[in-house]
Every structure is written in C-alpha cells, then in structure tokens.
There are 2 protein chains.
Amino acid sequence: MSTPQGARARARAEVTAAIKEAARRQLADEGAAKLSLRAVARELGMVSSALYRYFPSRDELLTALIIDAYDSLGENAERARDAAHGAAPVARWTAVCEAVRGWALAHPHEYALIYGSPVPGYAAPETTVPAASRVGLVLIGIIRAAHEGPGLAGPTVPASLRPEAERMAADLAPDLPPEVAVAMVAAWSQLFGLVSFELFGQFRNVVEDREGFFRHTVTQLAHGVGLR
Amino acid sequence: MSTPQGARARARAEVTAAIKEAARRQLADEGAAKLSLRAVARELGMVSSALYRYFPSRDELLTALIIDAYDSLGENAERARDAAHGAAPVARWTAVCEAVRGWALAHPHEYALIYGSPVPGYAAPETTVPAASRVGLVLIGIIRAAHEGPGLAGPTVPASLRPEAERMAADLAPDLPPEVAVAMVAAWSQLFGLVSFELFGQFRNVVEDREGFFRHTVTQLAHGVGLR
DNA sequence: CACAAAAGAGAGCAGTGCTCTTGCATTCTC
DNA sequence: GAGAATGCAAGAGCACTGCTCTCTTTTGTG
C-alpha cells in the first residue's frame, strides 16, 4: 500500500510538472506565440513525441498554463487581501489592485496569456472558469465586508438596466444592492483596462508616473463601488 | 510624363494593397497568429518569396495592418463624433464610445491586434503612434469643447500626483485643468478595459445585457471626466 | 516472475518564415 | 532605338513548427 499504483502516477505528475515549468520559463522568455513543444521537449532532454503522452496538444499545454496563471494571480490577490486585513475598505481594495498590477508587471507574458487577446483559434474552455474568478471573488469580498454595516450604494442605474443589474447581483452577491453589483463589475473591468494599457505600452509618452497614476485611479474606482 | 516611372509605382501600390487586403481577410478569419505569408501569397496566385518584395517580413505586414486598424477605428470614432455634432457633451462622449465598441465587435481580430497582447517578440514601432492616437484625440476634443464655457473639473488629485498631472495636461491638453487630464486618461483606459473584457470573453456568465451595461458604464465614465 | 500497460524513440507529413540564386520583363540612359 | 540597369517573380532550399504513427524499451503490478 506504500505506492501501489502510485509510483507511476507520481512519476507522471513529476514529469507533467517539469513540462509545465519548462514551458512557463519559455513563456516568460518569448511569449505565448513562440512557445514551442519541441523546444520544451529539448530542454527536458526528451523527444517531442514523448511530450504528447502528457499533453494531447499545444493548446492543452497552454490551457494548463492559463489555469496556473489565473491561480498564481488569484493567490497573490488573496495574500494582499489577507495582509491588509485590518485596514479600511479603500486601503484593502487598493492593496488588492496593486497586487494585481505587481503580479502583471512581474509576469507580463502570463498576464498577456490570460487577459490579452485569446490565443489563435482558441476559446478558453470551461476548465479555466473557477481559477479565473478568484480575483473577482476577492474584490467582491472586500465590497461585501464594507457594505455589511451602513450599506452604502453605488450610483443608481437607469430603469432599463434594472433587470440586468438584479440578475448580476443575484449571481455575484445576492446580499448586495444591484447598483453595487453593476459598479463592481465595471470597476473590475476597468482595473484590468488600466493594467493592460500600462503593460501593453499604451501609456508610453502619456503616463510617466505609472505607479502614482495607478494608485490614484484605483482609489477612484473604490469610491465608485461605494467604498470610503 | 503620363506614367514615366509611375507605372511601376502604381503597379507596386496595387499589389501592396492586394496583399494587405488578402491579409486582412485572413486576419478576420483566423486571427493574427495564424496569418501566414504563404497563404496570402497562395490566395494572390504568387509564390511566397515574391511577397518579400513588398513586405520585408511578416512583422512588417502586421505593422501595416495595425496602422490600418488604428486608422479604421479612428475614422469610425471621428464619424461618430461628427454625427453627434449638436448633442450634449455626454451624448457625444457615449456616441464615440459606442462607435469604438461597435467597431471592435465588427472587427474582433483587428481589435485584438491593436489592443490585445502585443504580438510575439514584437514591440509596436513608432510608426503606429500617430494612427494610435486618433481615438484619444477625439475624446480629448469632446472634453475640451465641454470645458470651454464653465470649466468643470475632475476629482482632485493628491499632492503627490500633481507634477505628473501637470505634465500630462501639458502634453495632452494645455488648456484643460490637470485633474481633468488625469481623469481623461483613466477614462480612456477604462473604456478599452470594458471593450476588451466583453470581446475577450471575460463577461461570459457575468454580464448578459452587454449593450446596456456598456452604455451605462460609459455614461459614468463621462461623469468622471466632468461631462454632464 | 511473467506480462500488460505505459512511456520513450524515431521517422515522417504537412506546414511555416525566410534566403538565395536564376531568369525574365520593364524601365532608364545614351 | 540599342544596351545597361533595375524591379520583379519564380523556384529550390534551410531550419523550424505541431502532430501522427509505429516500434521498442521500460516498469509497475498481478
């Protein structure tokens, strides 16, 4: 019972991890488009066809990397949230936002993989969904905690958007007012717009003090979702 | 003097245009990563090496397509601005934003090319800068026009961001108050965050009425830059 | 210990970007 | 107008890619 059919499984897990690690290294060096199965195999001293025993295709490897990236980012966000545990809502919010930005700057190609243009003919499979939601959940958590007491509200939504707002609230945070759910999703997308623009070079010749600009804008976002 | 050395030049221009057209078609079908010089050449009935007389590399072709995409988007934005000529500032703002979104939905791959992750080892050359700024200029124009009279202001920026805010204002719109410049850049990036999230599938299972959500959020952005 | 399942090796196919040489046609110059 | 210069297309070829197929080796397990 020590390693009954576990020996094989463990070896398999190790090789799988080694492949992902090598792939991640290559991803960081050259970007997703230049990630080559053959190069990964070469680096590991195996022949390329052997690699297909572990990942049925290049896209499957990419999917695995995508999930890992989402998880890594999510973990970072959660750590930042926990570190800012006692702080005021706005401070916790900005802490998480800055963790997202920091992770993105540290892992630009992995960020591009998950928040840039989706890869070739490739639509993110359902598998990535849980990992992808972690950051969002962290942000929701902060807002929810802040709204527990007084129950601040976001800007009112027009009547035409009410049904959608209520639907969103029901899905995301049934205990929050619909306007807050709307504002929250908006802030969420805007946070990543900010990070993407910085990372993808749109701020070149426009924003110099990116850190300061980010901090300020993200604080504004916090106000937009009702945090003080 | 009719077409002395112009015959060659004209033929060259025509072939160049045909190449770009075929490439754009392929881009729309398959995305940037799958754009193949050989396939383009095939479609045009020429051999792949002949294509290198017109574009020195695949990346140069992509750069040309990028510039065209920026121009196409910019033109759309300008048209929307002109069409909403007499309307209130907020209406003009949202009109331009919706034009951006509409163009993105109609040309997803071209949008991904310019606002998604930058291509492989490829940094956008300086050539793309003028075309890239057109949308931004349209937005600035609307804000400037709205601020001509009363001189509304954006949310105040913290002291630490003052120098940066003044630098940004000096570069972008010397006649506008620095806070407005900051708010304007933020709104700009947030607009594209919104569009990118919708286009890249992050709103799946989250936002259903995307049109309505976009309209509302973009109106909020307008308020953020001081438009009423 | 024997065996079946799993993993690796290697060849091969169709495709890619890009280079280089060769032949042809068009243009410019005298 | 004849000859030289130039532009263009074609074709072969190189090094690479993802992926499949077959064959052999390894190895855990009954």
Side-chain angles (χ1 to χ4, degrees), chain A residues 1-20 22-23 25-27 29-66 113 118-123, chain B residues 1-20 22-23 25-27 29-66 113 118-123:
Chain A
M1 258 269 178
S2 56
T3 48
Q5 66 187 36
R8 269 234 158 91
R10 221 179 50 184
R12 190 178 172 79
E14 266 169 30
V15 176
T16 306
I19 292 174
K20 285 206 287 186
R25 216 175 359 253
Q26 216 174 104
L27 181 67
D29 282 2
E30 304 264 28
K34 291 206 174 162
L35 185 142
S36 147
L37 281 190
R38 293 182 111 111
V40 169
R42 224 159 16 224
E43 188 177 326
L44 265 56
M46 40 166 63
V47 82
S48 74
S49 60
L51 218 143
Y52 283 82
R53 303 257 172 219
Y54 298 88
F55 294 94
S57 77
R58 184 180 176 276
D59 277 0
E60 291 283 337
L61 214 197
L62 271 181
T63 303
L65 294 183
I66 286 176
L113 194 59
V119 193
Y122 168 86
Chain B
M1 257 272 178
S2 57
T3 48
Q5 66 184 39
R8 268 222 213 271
R10 221 179 50 185
R12 189 178 174 79
E14 266 170 31
V15 175
T16 306
I19 292 174
K20 286 207 287 187
R25 211 171 9 245
Q26 216 175 102
L27 182 66
D29 282 2
E30 303 265 29
K34 291 206 174 160
L35 184 143
S36 145
L37 282 189
R38 292 182 111 112
V40 169
R42 218 154 28 219
E43 188 176 326
L44 265 56
M46 42 166 59
V47 81
S48 73
S49 59
L51 219 144
Y52 283 83
R53 302 257 166 211
Y54 298 89
F55 295 93
S57 77
R58 185 180 175 275
D59 279 359
E60 291 283 338
L61 213 197
L62 272 181
T63 302
L65 294 183
I66 286 176
L113 194 60
V119 193
Y122 168 86

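Throughout, protein chains are lettered first and strands after them, A, B, ... in sequence-line order, and every chain is numbered starting at 1.
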Starting at [atom1] of [X] and ending at [atom2] of [N], how long is that distance when rounded to a whole Å?
X	N	atom1	atom2	result
B/Arg58	D/dA15	CZ	C1'	17 Å
A/Glu14	C/dA7	CD	P	13 Å
B/Leu37	D/dA9	CG	P	15 Å
A/Glu30	D/dC16	CD	C1'	13 Å
B/Leu51	C/dG17	CG	P	10 Å
B/Leu35	C/dG17	CG	P	8 Å
B/Leu62	C/dG17	CG	P	10 Å
A/Gln26	D/dT17	CD	C1'	12 Å

**OP:** Taking only heavy atoms on the protein side, list every residue of residues 42-50 of chain B lying under 4.0 Å from any atom of DNA chain C, sorted numerically.
**Re:**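 B/Arg42, B/Ser48, B/Ser49 - these, ordered by number, are the residues of the stretch whose heavy atoms sit under 4.0 Å from the strand.
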Closest heavy-atom pair and its distance - [X], [Y]:
X	Y	answer
A/Gln26	A/Ser36	OE1-N, 2.9 Å
B/Val40	B/Ala23	CG2-CA, 4.0 Å
B/Leu62	B/Ala32	CD2-CB, 4.5 Å
B/Phe55	B/Ala64	CE2-CB, 3.9 Å

Subject >> Any N/O donor-acceptor pair, A/Arg38 side-chain to D/dG18 base, under 3.5 Å >> reply: yes
**OP:** Scan A/Phe55 against the nucleic acid and name what it touches under 4.0 Å (heavy atoms): base, sugar-phosphate only, or nothing.
**Re:** nothing
**OP:** Describe the nucleic acid contact of B/Leu61 in one word from base, sugar-phosphate, nothing, applying a heavy-atom distance below 4.0 Å.
**Re:** nothing
To the nearest 0.5 Å, tell me how far [X] [atom1] sits from [Y] [atom2].
X	Y	atom1	atom2	answer
A/Arg58	A/Thr63	CZ	OG1	10.5 Å
B/Glu60	B/Ile66	CD	CD1	10.5 Å
A/Glu14	A/Ile19	CD	CD1	12.0 Å

Original post:
Do A/Leu35 and A/Leu61 have side-chain heavy atoms sitting under 4.5 Å apart?
Top reply: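 The answer is yes; the side chains approach within 4.5 Å.
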Original post:
Of all the nucleotides listed (D/dA9, C/dC18, D/dC19), which has the minimum atom distance to the side chain of A/Tyr52?
Top reply: D/dC19
Original post:
Taking the side chain of B/Ser36 as heavy atoms from C-beta outward, which of D/dG18, D/dC8, C/dG17 is closest to it?
Top reply: C/dG17
Subject >> Donor-acceptor under 3.5 Å (A/Arg53 side chain, A/Arg12 main chain) >> reply: no
With the criterion being N/O to N/O and under 3.5 Å, what pairs connect the protein with nucleotides 4-7 of chain D, and how long is each?
residue : atom : partner : partner atom : Å
D/dG7   : O4'  : B/Arg8  : NE           : 3.4
D/dG7   : O4'  : B/Arg8  : NH2          : 3.4

**OP:** Specify the residue among A/Pro56 and A/Ala39 whose closest nucleotide of DNA chain D lies further upstream toward the 5′ end.
**Re:**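 Nearest-nucleotide comparison on DNA chain D picks A/Ala39.
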